[in-house]
Amino acid sequence: MSSVTSGPRKLYVKSYGCQMNVYDSQRMADVLAREGYVETAEPDDADVLVLNTCHIREKAAEKVYSELGRLRRLKQDAARDGRRLTVAVAGCVAQAEGEEIIRRAPVVDLVVGPQSYHRLPDLVARAAREGRVVDTEFPAEDKFDHLAPPTAAATRARGAAAFVTVQEGCDKFCTFCVVPYTRGAEFSRPVARIVDEVARLAEAGVREIRLIGQNVNAWHGEGPDGRPWTLSRLLHRLAEVPGVARLRYTTSHPCDMDDELIAAHGDLPALMPQLHLPVQSGATRVLAAMNRRHDRAAYLSVIARLKAARPDIALSSDFIVGFPGETEAEFRDTLALVDEVGFASAYSFKYSPRPGTPAAESDAQVSEAEKADRLARLQAAIDRNAAAFNAATVGRTGAVLFEHPGKHPGQMVGRSPWMQPVQVDGPATLAGTIATVRFTATGTNSLFGTLVDAAPRDAATSPHSASPGMAPVRGNAVHVAAAGR
Ligand code: SAM
Ligand code: SF4
């Protein structure tokens, strides 16, 4: 239990769900840092505690309410110590449920939707004064123009790979999905803003930029010439930013994989040979019922073109099992597609009816038992393919971006070009640098390797190679809830 302290006010942020939420959590920390808040790793130390929530599946939303139940105690303890703990709920549950959250969980002082994070300092001050503040508007102003950039020290503390949101929202309206309702219409940030943000990150020692968006390959931001650019053109521009060694982007929709973007996987060396391209189902009838706007053959054609452009590309995907009306034969189409593509990894989910979405209204819901059975069979197929992909990497060499120390002394962990975690014996000074590794064996969803060159591979080519003070990625004070993505 903590006692009354007079130091800086402390902030604890816990992030659920997708990478967009991790990015948003960091922006919330940055905007509150300007007001003198410092991040703490201990929730019971916090003056402001933010849960940045996910609404994509029922389980994800319910987790937030269980956590809020536990926070009642923390708030009482703080009050007993003469401190006020302000509890805020942000993210997609905040957007979808608004005031209902305060009704269900009176411990909450502030409910703030994803489009209002730039107003957080005011909202937190109001909540501390008055309690019960709700802001879930979609303001006309662009929140990105008002969000504070991180300091170089905060960037370094977050590690050598950084997310940059380039696109938000979705206009696709898949029949199972809440995103168009919680995140609103599609919006693309302009090129100049993205380049500035990436340059600042690279200047602070970030080597890998991961562009993120709910539909990142639908990005079409305004270029310096006043015309919309394509994502491929943006990637080529970002590869020119000094210090940027690696680029990735996620999450993409198959319909927005245009020829230019596919070609970039072959001709842009900084673009890593890896792509997350959700398909959801391998059955054309189910894809139509989901309103995915492509069939099985069109997905496989995109995959074939990607493999032609970059034969070693590591492909991953999202799958939903037990979508309303899905038959056993249709589910087997999904199993067959997993083997046909040979995914390096994939996420799979039981269909979860979300209030307000068309599929939730269907009276052809699949039973829980059937969903559980299909999920287990799908996960076995995915694991088999992932193990085969990892095994095929053994014996090769590749550039690894080192992130943090491993579990054992003298061990360092990084990411391969194909996104696998890689463990090697090496000095802590590897953190934040790229070195060539020979992959020697597979672990559980990871690789073991040995360093090929003693000096970091990029030492000769980059002014940022030393990355002074680059902290392990795990040093990040934004806490990511274990189960979600
Ligand atoms: N925009 C991306 C796309 O179109 O593929 C996906 C974004 S969504 C945040 C991430 C994943 O959550 C989806 O790909 C889908 O597999 C899963 N998902 C979304 N709604 C779901 C639902 N109602 N039940 C189960 N899984 C769901
Ligand atoms: Fe949801 Fe992705 Fe479909 Fe948009 S494209 S509605 S974010 S699943």
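Just follow the structure's listing: the first ligand is 1, and inside any ligand the first atom is 1. Only a predicted model underlies this, so the values are computations on that prediction, with no experimental measurement involved. Numbers here simply count residues along the sequence, with the first being 1.
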Which atoms of ligand 2 have any heavy atom of [X] under 4.0 Å away?
| X | value |
| --- | --- |
| F176 | 8 (S) |
| P180 | 6 (S) |
| H253 | 5 (S) |
| F173 | 6 (S) |
| K172 | 5 (S) |

Atom 4 (Fe) of ligand 2 contact by C174, N, O or S atom under 2.8 Å: no

Backbone, side chain, both or neither: what part of [X] comes under 4.0 angstrom of ligand 1, heavy atoms only?
| X | answer |
| --- | --- |
| K172 | neither |
| F176 | both |
| R183 | neither |
| Q214 | backbone |

Would you mind checking if R200 and D30 are paired as a salt bridge, meaning a charged N to carboxylate O distance below 4.0 Å? no

Beyond-backbone contact of L447 with Q423, side-chain heavy atoms, under 4.5 angstrom: no

Atoms in ligand 1 with a heavy atom of K350 nearer than 4.0 Å: 24 (N), 25 (C)

Does the residue R292 have a heavy-atom contact with ligand 2, meaning some pair of atoms that are separated by less than 4.0 Å? yes

Can you label the angle between the H265 ring and the Y249 ring as parallel, tilted or perpendicular, going by 30° and 60°? tilted

Step through it carefully: locate the ring centre of F176, locate the ring centre of F349, and say whether they are under 6.0 Å apart. no

